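It should be emphasised that the depicted structure is a prediction, and the values quoted were computed from it without experimental measurement. When reading the values below, keep in mind they use all heavy atoms of this one structure, side chains included, and skip hydrogens, waters and symmetry mates.
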Amino acid sequence: MANGLFYLSLSLIWVMLLYHMFLMQGGYSHYLRYTRPIKEWESQGKSLPKVSILIPAHNEEVVIERTLKAMIRLDYPKDQLEVIVINDNSRDRTGEIAESYAAKYDFIKAVHTEPPYAGVGKSSALNYGLKHSSGEIIVVYDADNTPERKAVYYLVLALQNDPRAGVVVGKFRVVNAAKNLLTQFINIETICFQWMAQAGRFHWFGVTTIPGTNFAIRRSLIEQLGGWDAKALAEDTELTIRVYNEGYYIRFFPAAITWEQEPENWKVWWKQRTRWARGNQYVVMKFFWRLFSLKRKSIVFDLIYFFFTYFLFFMGVIVSDVLFVVNLFVDLNLNVGVISIILWVLAYFLYVTEVMIALSIEKNQLHLKSFLIVLLMYFTYSQVWILLVLYALYLEIKRVVCKQELKWYKTERFGQEKS
C-alpha cells in the first residue's frame, strides 16, 4: 500500500510540474506580445471615460498617504477621475488623512462606511464605495498600493478597445522585496504567479484571475453582477468566476503596473495567506457543484485546476512527505528504486527552471542571489505553504460543520519607502 501511495503522490506532483511548465511557455509568449496593440489603440484617439478608483481602507494610516500621493501623480485627466477612499470602521487616522486630501483635491473623496457595510470586510467596503461612485469604469486598488503614473491609463485603454473584455488586470510588484528573506521569497512567488499562472493561462485559454488590486471593471458589469460577494474571503477569485459566467473574459495587461507592500514577518504572512487559501477553497466549493450549469466551459477547466491545486496536488505532496519521514523510523518496505529517485531529482530541477524563466522576464531579477534563494525556496517557503493550505482546509471544514461566521483578517502594514 505504501508503494502505491508513493507512486500516486509522485504522479500528482509531476502532473502539476508539467502543467506549470506548459503555462510558463504561454506566459513567455504573452510577455513578447502584450504591448503590440498599444500603438493601434492610441492611434484611434478615443476620448477617455470617467473613472472611479475605489480604495477600501481599514486602519491604514501607515500607508494611505503614500497611496494618495501616487493617485495625485497618475497620468489621467483629473476632470475624468474620481478617487474614493472608503474608510471602513478605522480606529486610527485613516479617515482624517483621507479627509485632508479630499479637502485639497477636488477629484479625491472620503466616504465612511455605515451599517450594514461597516467593519464586515473588503467586499462590503467595495460595495459601499460603488454606491458613492459615478465613473463609467471602476478601478480598484488596495490601500498599500502605489500605481505607476500610467497604470490607470493602460487599464482603461485596454478595456476601452477590447469590447469582449469585462475586466482588465494589471501587474503588481513587491515594493519591499529587499527587506528580508521572506519578502524575497514573496517577490519570487508573485513574479511566478503573474507570468506563469496569469499570463500563461491567458495565453493558452483566455483565462486569468482578478487580483485584489490594480484592475478595471465596467460599471455596467459589476452592477449587473450585484456587486461583490460579501461572504467571500477571496472576493477577487469569486468575482472572476461570475464575470466569465456572464460571457465576458478578463484580459491580463501587464503594462499597467502597481507596487504593493508584502508581509515582513511570518506571523502576518501566515494570517494573510490563510485567508487567501480559505477564500479560494470557498470559491471552489461554491462553484464546484455547479460545474455543468456554468455557461463558460473555459472557467470550468479553471475550477478543476483550482480543485486539483488545493486538494489533490497538496494531498499528494503531504502523502509523499509523510511517507518519507515515517520511513526514516519504521520500515514501510518502500520499493522506490533508482528511477523514482531520478524522477524526484528531475522534478526539483524542473521547478528551479520554471522559476528562473519567470524571473528572466522581469528586469534585474535574474542573478546569482535569486538563483540561490530559489534553491532554498523549495525546501522552506514551498513546504510551509503546504502546511498552510492544510491548516486553511481544516478551518474551512470547521466553519462549515460548526456553522461559524467568516472573520475578515486585515493584513498588517509596515512603514517604509520604495526599495
Between R173 and E362, is there a side-chain N and carboxylate O pair less than 4.0 Å apart? yes
Quick one: sort the F205 and F22 rings into parallel, tilted or perpendicular, breaks at 30° and 60°. tilted
Could you point out which residue of F185, Y351, F349 forms a ring pair (Phe, Tyr, Trp, His ring centres under 6.0 Å) with Y378? Y351
Any donor and acceptor pair, going by atom type alone, linking the side chain of D88 with main-chain N or O of A125 inside 3.5 Å? no
Please test K231 against S123 for side chain to side chain contact (heavy atoms under 4.5 Å, CB included), starting from the C-alpha separation and ending with a verdict. CA-CA 8 Å; K231 294 181 180 178; S123 298; over 6 Å; no
Closer than 4.0 angstrom, basic N to acidic O: yes or no for E262 and R273? yes
Any side-chain heavy atom of L359 sitting closer than 4.5 Å to one from W195? no
Testing Q184, E260, E264 one by one against N176 for a side chain to side chain donor-acceptor pair (under 3.5 Å), which residue passes? E264
side-chain hydrogen bond (donor to acceptor under 3.5 Å, both in side chains) for E99 and H112? Distances and angles first, verdict last. CA-CA 10 Å; E99 288 287 3; H112 309 271; 2.6 Å; yes
Is a donor on one side and an acceptor on the other found under 3.5 Å between the side chain of N245 and the backbone of I241? no
Sidechain N-carboxylate O distance under 4.0 Å for R242, E238: yes
Using the side chain to side chain donor-acceptor pair (under 3.5 Å) definition, which of the options N145, D142, T67 pairs with T258? N145
Run the salt-bridge test on E396 and R399 with the 4.0 Å N-O cut-off and return the result as yes or no. yes
Should the pair D162-R251 be classified as a salt bridge under the 4.0 Å nitrogen-to-oxygen rule? yes
Sub-3.5 Å donor-acceptor pair from the side chain of T94 to the main-chain atoms of N87, do we have one? no
